[in-house]
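Numbers restart at 1 for each chain; the letters A, B, ... are given by sequence-line order, proteins then strands. The model shown is predicted, which means the values in this text are computed figures rather than measured ones. For the numbers below, each heavy atom of this structure counts, side chains included, while hydrogens, waters and symmetry mates do not.
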Amino acid sequence: MRNTHQEPSPDDGLDVSGLPGGARSALEAVLMVLDQPASATDLAAGLNLTVDAVELLLLELQREYDGYTVKAPDMEIAREAGFTSSPRGFELRNVAGGWRIYSRAEFADIVGAFVLEGQTARLTQAALETLAVIAYRQPVSRARVSAIRGVNVDSVVRTLTQRGLIEDSGTDPESGAVLYRTTSYFLERMGIGSVAELPQISPHLPGLEGIEEFYDAGRM
Amino acid sequence: MRNTHQEPSPDDGLDVSGLPGGARSALEAVLMVLDQPASATDLAAGLNLTVDAVELLLLELQREYDGYTVKAPDMEIAREAGFTSSPRGFELRNVAGGWRIYSRAEFADIVGAFVLEGQTARLTQAALETLAVIAYRQPVSRARVSAIRGVNVDSVVRTLTQRGLIEDSGTDPESGAVLYRTTSYFLERMGIGSVAELPQISPHLPGLEGIEEFYDAGRM
Amino acid sequence: MTAESATPLAQGGQQADADDGGTPPEVRKSGFEVRKSGFEVRLANFTGPFDLLLALISKHQLDITEVALATVTDEFIKYIRNLQQLEEEWALDEASEFLVIAATLLDLKAARLLPAGEVEDDEDIALLEARDLLFARLLQYKAFKQVAALMDTTLELESRRYPRQVALEEHFAAMLPELVWKYTPQQFAALAEAAVKPKTPEPTEVGLAHLHGSPVSVREQAELIGLRLQQGKPLSFRALIADAESTLMVVARFLALLELFRDQVVAFNQLAPLGDLTVRWTAPGAGWSSDHLSEEYEEQP
């Protein structure tokens with residue numbers, strides 16, 4: 001993934017607007033080779049376009065794939081010409097801070113039969129609960145997760161790490177305990193841009209604003 | 001990839017025509033995530049359509065991606081409605097009997113620059129360790145390598161495959177998981193004639209069997 | 001919990017007796033049954049003590065009264081005892097963080113021993129808060145269970161979308177810079193050996209070692225207290241803990257006293273508020289043994 005963000009320069013030689021389909025198709029071509037979500041900034045740098053322009057194109061493509069015909073001032077005429085506004089078999093999504101092409105969920109059963117690899121088994125109840133605690137309390141030590149769940153979570157944490165859903169995020173300066181956080185793969189799997197988009201836990205925790213202090217008061 | 005070719009049967013229950021966008025979108029969904037080219041026969045079996053119907057749809061999609069608007073009886077009207085017939089950034093190619101979506105050749109420079117940006121000539125430590133595990137445990141599935149290394153290795157395995165150091169060596173008869181082995185290019189880079197020439201590592205590392213069991217038992 | 005917090009126990013004694021005796025038999029029986037076929041746990045997705053507690057509480061309609069809590073506490077302890085009697089090892093594994101719950105429940109039992117409506121000092125309030133804390137914890141746990149269910153649904157829905165993740169097209173792959181390879185087979189083997197070697201699990205929480213530190217057995221402390229008191233002479237709590245080597249041991253002796261009190265083999269006497277608490281052995285000589293003491297404290301990992 002590129003880290004250098006450069007403004008488009010006229011000397012660069014790369015000018016996507018002269019190509020068939022212009023910048024829009026060029027962007028589409030790049031989306032085709034991604035194997036992980038790419039940010040608008042990265043895409044802009046690669047296409048020699050401004051971030052704003054790329055973001056506009058991305059939204060345009062997203063709408064188009066969803067079945068809304070872009071730049072069709074008159075849908076009546078369009079329909080007469082035989083254009084239907086049905087969604088494509090794929091969609092463009094903004095997840096985990098980047099854009100990526102996905103097959104549309106409606107076709108999961110059919111697509112799933114072709115894609116054996118990468119299909120992941122469902123998480124166990126224990127794994128889900130541990131993942132939830134880590135997601136909402138990160139960075140957090142295993143001991144803290146154990147205290148919240150009331151059971152030892154060592155092996156579940158190991159499995160979640162193997163599956164790439166959580167990772168080591170350093171050690172607690174005081175206790176020296178390893179702290180865990182969720183990964184960007186977790187965000188991808190959840191289809192969200194950041195952990196801030198996780199559903200609010202407060203409605204599920206009526207009147208428990210003080211729980212943190214209770215915990216941190218040193219009762220393990 | 002499915003290997004069984006079955007004729008569509010009415011009892012099957014899968015009816016792509018009822019899905020949004022119908023058979024065309026369903027086919028598109030499959031093509032978008034297919035890693036290896038798939039034959040019309042395989043696609044037909046997966047979609048529960050006849051081979052003829054799939055071939056027709058494939059050609060239709062191919063033309064559409066190339067910028068020829070399908071089912072637009074009057075291009076004049078279409079153009080007036082704001083539809084341009086520019087090609088998409090991707091194309092559907094029939095290579096050696098198999099169909100796959102590629103980025104369009106015209107954008108090769110842009111795509112190439114994007115892909116190569118940030119690529120290094122060195123393997124990361126994670127890639128090296130994963131390669132080492134595969135070399136000594138081949139043929140081995142990604143899940144198993146993950147279990148041994150304790151982290152998700154999906155993207156690293158992709159890099160190693162891209163680098164030609166490892167390759168697909170069939171699937172595990174039990175789990176159906178893809179197994180990986182090292183390539184002759186790997187041997188070449190190591191300067192050895194076969195994997196048997198790799199220096200021995202302690203054959204009875206304590207707990208190795210345990211790892212295997214842990215993995216098998218801990219599948220979640 | 002400190003030695004001082006035991007101060008009002010004398011008056012609370014009668015109250016606790018009444019509680020224990022007054023619990024309707026059907027409630028006491030309704031928890032978990034030991035049958036000849038084995039222990040039956042009617043719980044779905046049992047993963048730990050919190051699950052069990054939640055189930056017990058919901059069975060009692062989350063009636064946040066002391067009686068309901070006492071019932072839940074008793075059932076919980078009974079449950080663990082039964083498991084231990086049946087040598088259900090798996091359950092003890094599940095309950096490896098049991099000390100947390102046990103400590104909270106003990107707080108709770110202590111709070112129950114407080115005379116109703118009599119809150120005299122900060123320690124009393126702390127005991128009452130222990131009860132709220134248990135519920136706070138349980139509610140928090142319940143909240144996480146609920147978001148976990150939401151996450152499960154989301155993950156399931158999202159897994160229906162497959163990302164495009166195809167191998168790099170060959171002509172691009174060919175453009176990758178030539179790999180720099182600087183490893184001899186020996187170096188590579190060393191790398192493999194290190195990578196394949198099972199990782200020694202990193203120490204769980206260095207800083208918490210002292211919390212789980214030297215195990216102090218409540219049962220042993222109970223035996224010790226029993227022996228001393230069976231000499232016939234009442235002893236003050238101060239005297240009973242005079243030789244305690246650590247705070248943990250003081251706590252263990254206090255817990256042991258609660259257990260002995262529960263078993264009605266000791267009586268407390270306190271002449272003035274905040275005055276010395278005197279403990280007296282009331283059971284006939286050999287009629288008591290520590291064998292049936294709650295063993296939950298003994299099973300720390």
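Atom-to-atom distance recorded for Asp35(B):CG and Arg164(C):CZ is 9.0 Å, nearest 0.5 angstrom. Here CG of Leu168(C) is found 11.5 Å from OG1 of Thr161(B). Values are rounded to the nearest 0.5 Å. With rounding to the nearest 0.5 angstrom, the CG atom of Leu176(C) is 6.0 Å from the CD atom of Gln162(B).
Formation of a donor-acceptor pair under 3.5 Å by the Arg122(B) side chain with backbone atoms of Val180(C) is not found in this model. Although no hydrogens or angles enter the test, the distance criterion places no donor-acceptor pair under 3.5 Å between the side chain of Arg158(B) and the main chain of Gln165(C). Using modelled atom types, one side-chain atom of Glu169(C) and one backbone atom of Ser103(B) make a donor-acceptor pair closer than 3.5 Å.
More than 12 non-hydrogen atoms from other residues, nucleotides or ligands lie less than 6.0 angstrom from CD of Gln186(C).
Looking only at side-chain heavy atoms (C-beta outward), Leu123(B) and Trp181(C) come within less than 4.5 Å of each other. Residues Leu131(B) and Tyr183(C) form no side-chain contact, since every pair of their non-hydrogen atoms from C-beta on lies 4.5 Å or further apart. In this structure, Gln125(B) and Leu191(C) have side chains that are in contact, with non-hydrogen atoms separated by less than 4.5 Å.
Here the closest heavy-atom approach between residue Pro163(C) and residue Val33(B) is recorded as O-CG1, 3.7 Å. Considering all non-hydrogen atoms of both residues, Ala135(B) and Phe188(C) come closest at CB-CE2, 3.6 Å. Minimum heavy-atom separation, Arg163(B) to Pro177(C): NH1-O, 2.6 Å. Glu178(C) and Ala121(B) get closest at one heavy-atom pair: O-CB, 3.3 Å. Between Val133(B) and Ala195(C), the closest heavy-atom pair is CG2-CB, 3.8 Å.
Interface remark: Leu187(B) contributes no atoms to any contact with chain C (heavy atom separation under 4.5 Å). Heavy atoms closer than 4.5 Å to chain C are found in both the backbone and the side chain of Val111(B). Heavy atoms closer than 4.5 Å to chain C are found in the side chain of Leu165(B), but not in its backbone. Contacts between Tyr136(B) and chain C at a heavy-atom distance below 4.5 Å involve the side chain alone, from C-beta outward. Neither the backbone nor the side chain of Ala29(B) comes within contact range of chain C, judged by heavy atoms closer than 4.5 Å.
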